[in-house]
Amino acid sequence: MRLSRYFMPVLKETPSEAQIASHRLMLRAGLIRQASAGIYSWLPMGYKVLRRLEQIVHEEQQKANHHPMLMPTIQSADLWRESGRYDDYGQEMLRITDRHDRDMLYGPTNEELITDIFRREVGSYKQLPLTLYHIQWKFRDEIRPRFGVMRGREFLMKDGYNFDLTKEDALHAYNRHMVTYLKTYERMGLQAIPMRADGGPIGGDYTHEFLVLADTGESEVFYDSAVTDLTLGDRVVDYDSVAECQAIMEEFTTPYARTDETHDEAIFAEVPEERRRSARGIEVGQIFYFGTKYSDALNATVQTPDGTNVPVHMGSHGIGVSRLVGALIEANHDENGIIWPEGVAPFPVAIVNLKQGGADTDRVCDELYGALTAAGLDPLYDDREERAGAKFATMDLIGCPWRITVGPRGLKEGKVELTSRRTGESEEMSPEAAIARLKELLANR
RNA sequence: CGGGCUAUAGCGCAGCCUGGUAGCGCGUUCGUCUGGGGGACGAAAGGUCGUAGGUUCGAAUCCUGCUAGCCCGACCA
């Protein structure tokens, strides 16, 4: 993308409403603009990050044979009355009346709707196991929205629902989801620690929250530092293997890791003192097994081999996709701006032309732009008529992981400069070498 | 919802107390110079002062209602 033709309204000053780093930087870098309290428009570069996160979520879910679909944002109140949650949910649910005076609502979640689809269409154990998910906008009418997309009222969420014949099968689904989530966060360049959590309004006996450590997190967390050494890396997981998913779940949940709601000082004290940590965390996902709570309420049953009808065992699982953009920035920024992990950067590499209109610099930039585009590396070319300082400051703010600087000084030696946004380290090399290096560095993207 | 605060140009703010021509910085446009970390000079565009009403010869300024937004708390992914 040529910056001169893009829409990226950056701000030199911080709008007064932004308190925390991610909110400030999302506004300054031109990712979002507020539409009303807790509701945001996603500008092109913010939308690009959001789509990138969605894509990663989709890929990891589908590897586990979970099926994407799309349910509506507006739901009828009837189903919620049937489950009993129309009254339970309280003021957080945005209630709407249509022209025929029917009670509608903007969905805060989709257990009722998905269970209704299931009970209409599935009647036999032979159709199980089944996991369906979607990525859709939700609305929760927070009393006080704040921190930008971290705690908005409208938010994009991946929510999935598993349907299984037995509790054992449903617990495998639980473990399977834990693995897909760990994979998903790792690909985004985030460490999200699964922590034993509280069921909350959705309910459930088995539940883990995934937390990203960050000073501005809303939750206080306690953990054994051993848990932060764990990674899945390149492990290829067989999601049909009950034993393998179980083993990974145990590996990641054996070290002590809990939010303050479930924290137990006595058990925590058994962790060696030098490994005990308390910190703050941002919740970016949660998984639940809740048994037959909704299938009982909504009469979602399947026929077993012996001819009886039994309610299905269910679980639900969520990833806060829009919130993740904020969490990523909280975990990856410095005083100059965002530092995107390579897996999620809106543009993985930026080309900075220090002398716009110079014959040599223009030519080399065009060549780099063409070659990187052809290689699928989606470069952002800063071809504006700006001075070097302004270009560097803008590039630091928007946080592309790699920057190629093309200036007359370096070109005298036939060199351009490749700089890491994260470390600030630079290396001079020929344009051809820079292209080759970037292909290598970004091979996994 | 309780407590506190704010609303003046795209962004950050002053002006209000003590009523009388609507300002500053950044950004934007044009020109000249400049050219490796938000450069300099010159010119210009851009504002129903949140909104409705009241007081007054006259209201951004004083008074009242309303709306929106922000902060703290409770709540929450």
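Below, read A as the first sequence line, B as the second, and so on, with proteins coming before strands; counting in each chain starts at 1.
Comparing A74(B), G36(B), A77(B) by their closest approach to the side chain of R140(A) singles out A77(B). For A388(A), the side-chain atoms get nearest to G36(B) when compared with the rest of G69(B), G36(B), G73(B). When distances are taken from the side chain of E385(A) to each of G35(B), G36(B), A77(B), the shortest belongs to G35(B). You'll find that the side chain of E142(A) is closest to C76(B), out of C76(B), G69(B), G36(B).
Regarding contacts with the backbone of C70(B), a side-chain N or O of Q34(A) is found under 4.0 angstrom from either OP1 or OP2. Between C72(B) and R144(A), a contact under 4.0 Å exists linking OP1 or OP2 to a side-chain N or O.
By the ring pair (Phe, Tyr, Trp, His ring centres under 6.0 Å) test, Y106(A) is found to be paired with F139(A), residues two or more places apart in sequence or in another chain being considered. Among residues two or more places apart in sequence or in another chain, the side-chain hydrogen bond (donor to acceptor under 3.5 Å, both in side chains) test is passed with D362(A) by N353(A).
The gap from the C1' atom of C11(B) to that of G38(B) amounts to 15 Å, rounded to the nearest Å. A22(B) and C16(B): their C1' atoms are spaced 12 Å apart (whole Å). With both ends at atom C1', the span from A59(B) to G20(B) equals 10 Å, rounded to whole Å. A gap of 39 Å separates the P atoms of G2(B) and G47(B), to the nearest Å. The same atom, P, is picked in U61(B) and in A9(B); the two are 15 Å apart, to the nearest Å. C62(B) and G19(B) have their C1' atoms separated by 8 Å, given to the nearest Å. Only the C1' atoms considered, A7(B) is 11 Å distant from A60(B), to the nearest whole Å. Taking atom P in both G31(B) and G36(B), the straight-line distance is 22 Å, to the nearest Å.
When only modelled atom types and interatomic distance are considered, H172(A) and D164(A) share no side-chain donor-acceptor pair under 3.5 Å. Side-chain contact annotation: Y174(A) with H208(A), donor-acceptor N/O pair under 3.5 Å present. No hydrogens or angles considered: nothing links the side chains of D101(A) and T97(A) as a donor-acceptor pair under 3.5 Å. Between the side chains of S420(A) and E425(A), no donor-acceptor pair is found at a separation under 3.5 Å.
Rounded to an integer number of Å, the gap from I143(A) CD1 to G69(B) P is 15 Å. Look at CD on E330(A): it is 19 Å from P on A77(B), rounded to the nearest Å. Spacing between atom NZ of K391(A) and atom C1' of G39(B) amounts to 15 Å, rounded to whole angstrom units. The distance between atom CG of L354(A) and atom P of G35(B), rounded to the nearest whole Å, is 13 Å. Straight-line distance from the OH atom of Y181(A) to the C1' atom of A77(B): 12 Å, rounded to whole Å. Regarding I282(A), its CD1 atom lies at a distance of 18 Å from the P atom of C76(B), rounded to whole Å. Between I404(A) atom CD1 and G36(B) atom C1' there is a gap of 16 Å when expressed in whole angstrom units. A straight line from CZ of R387(A) to C1' of G38(B) spans 10 Å, rounded to a whole angstrom.
Between K355(A) and F147(A), the residue anchored closer to the 5' end of RNA chain B is K355(A), taking for each the nucleotide with the nearest heavy atom. Closest-nucleotide positions on RNA chain B for A37(A) and M157(A) were compared, and the one nearer the 5' end corresponds to A37(A).
As judged by a 4.0 angstrom heavy-atom cut-off over every strand, R403(A) is placed among the base-contacting residues. In this structure, G407(A) reaches the bases: a heavy-atom distance under 4.0 Å links it to at least one base atom across the strands shown. Residue E92(A) is in sugar-phosphate contact alone, with no base atom involved, counting any heavy-atom pair closer than 4.0 Å across all strands shown. Contact annotation for G424(A): no contact, since no heavy-atom pair falls under 4.0 Å across all strands. Within the nucleic acid shown, G358(A) has no heavy atom closer than 4.0 Å to any nucleic acid atom. The residue T394(A) sits close to a base: some heavy atom pair falls under 4.0 Å.
The pair R119(A)-D116(A) meets the salt-bridge criterion, since a charged nitrogen lies less than 4.0 angstrom from a carboxylate oxygen. Salt bridge status for R176(A) with E60(A): absent, with no side-chain N to carboxylate O gap under 4.0 Å. Ion pairing between D215(A) and R280(A) fails under the 4.0 Å rule for side-chain N and carboxylate O. With respect to D366(A) and R2(A), a salt bridge is recorded, a charged nitrogen being found less than 4.0 Å from a carboxylate O. E59(A) has no carboxylate O lying under 4.0 Å from a charged side-chain N of K63(A), or vice versa, which leaves the two without a salt bridge.
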Kindly list each side-chain donor-acceptor pair under 3.5 angstrom involving residues 321-332 of chain A, sequence neighbours excluded, with atom names and distances?
| unit_1 | atom_1 | unit_2 | atom_2 | d |
| --- | --- | --- | --- | --- |
| S322(A) | OG | L156(A) | N | 2.8 |
| R323(A) | NE | M150(A) | O | 3.0 |
| R323(A) | NH1 | E218(A) | OE2 | 2.8 |
| R323(A) | NH1 | E283(A) | O | 2.6 |
| R323(A) | NH2 | M150(A) | O | 2.8 |
| R323(A) | NH2 | E218(A) | OE2 | 3.2 |
| E330(A) | OE1 | T216(A) | OG1 | 2.6 |
| E330(A) | OE2 | S22(A) | N | 2.8 |
| E330(A) | OE2 | S22(A) | OG | 2.7 |
| N332(A) | OD1 | R422(A) | NH1 | 3.3 |
| N332(A) | OD1 | R422(A) | NH2 | 3.1 |
| N332(A) | ND2 | L328(A) | O | 2.9 |

Please tabulate, for the side chains in residues 339-349 of chain A, all donor-acceptor contacts under 3.5 angstrom to protein atoms that are two or more places apart in sequence or on a different chain.
| unit_1 | atom_1 | unit_2 | atom_2 | d |
| --- | --- | --- | --- | --- |
| W340(A) | NE1 | I398(A) | O | 3.0 |
| E342(A) | OE2 | W402(A) | NE1 | 2.7 |

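Look at U55(B): it lacks any Watson-Crick or wobble partner with both distances under 3.5 angstrom. Base pairing of G12(B) is made with C24(B), judged by Watson-Crick or G-U wobble geometry with both donor-acceptor distances under 3.5 Å. With a cut-off of 3.5 Å on both Watson-Crick or G-U wobble distances, the partner of C66(B) is given as G50(B). Pairing for A43(B) goes to U29(B), judged as Watson-Crick or G-U wobble with the two contacts each under 3.5 Å.
Judged by distance alone, with hydrogens and angles left aside, E417(A) brings a side-chain donor or acceptor within reach of the base of G36(B), the pair sitting under 3.5 Å.
Within residues 6-30 of chain A, the residues having any heavy atom closer than 4.0 Å to RNA chain B are, in order of number, K12(A), E13(A), T14(A), P15(A), S16(A), E17(A), Q19(A), R28(A).
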Do nucleotides 40-49 of chain B as a string where each nucleotide becomes B, S or -: B if the base has a protein heavy atom under 4.0 Å, S if just the sugar-phosphate does, - if no protein is that close. ----------
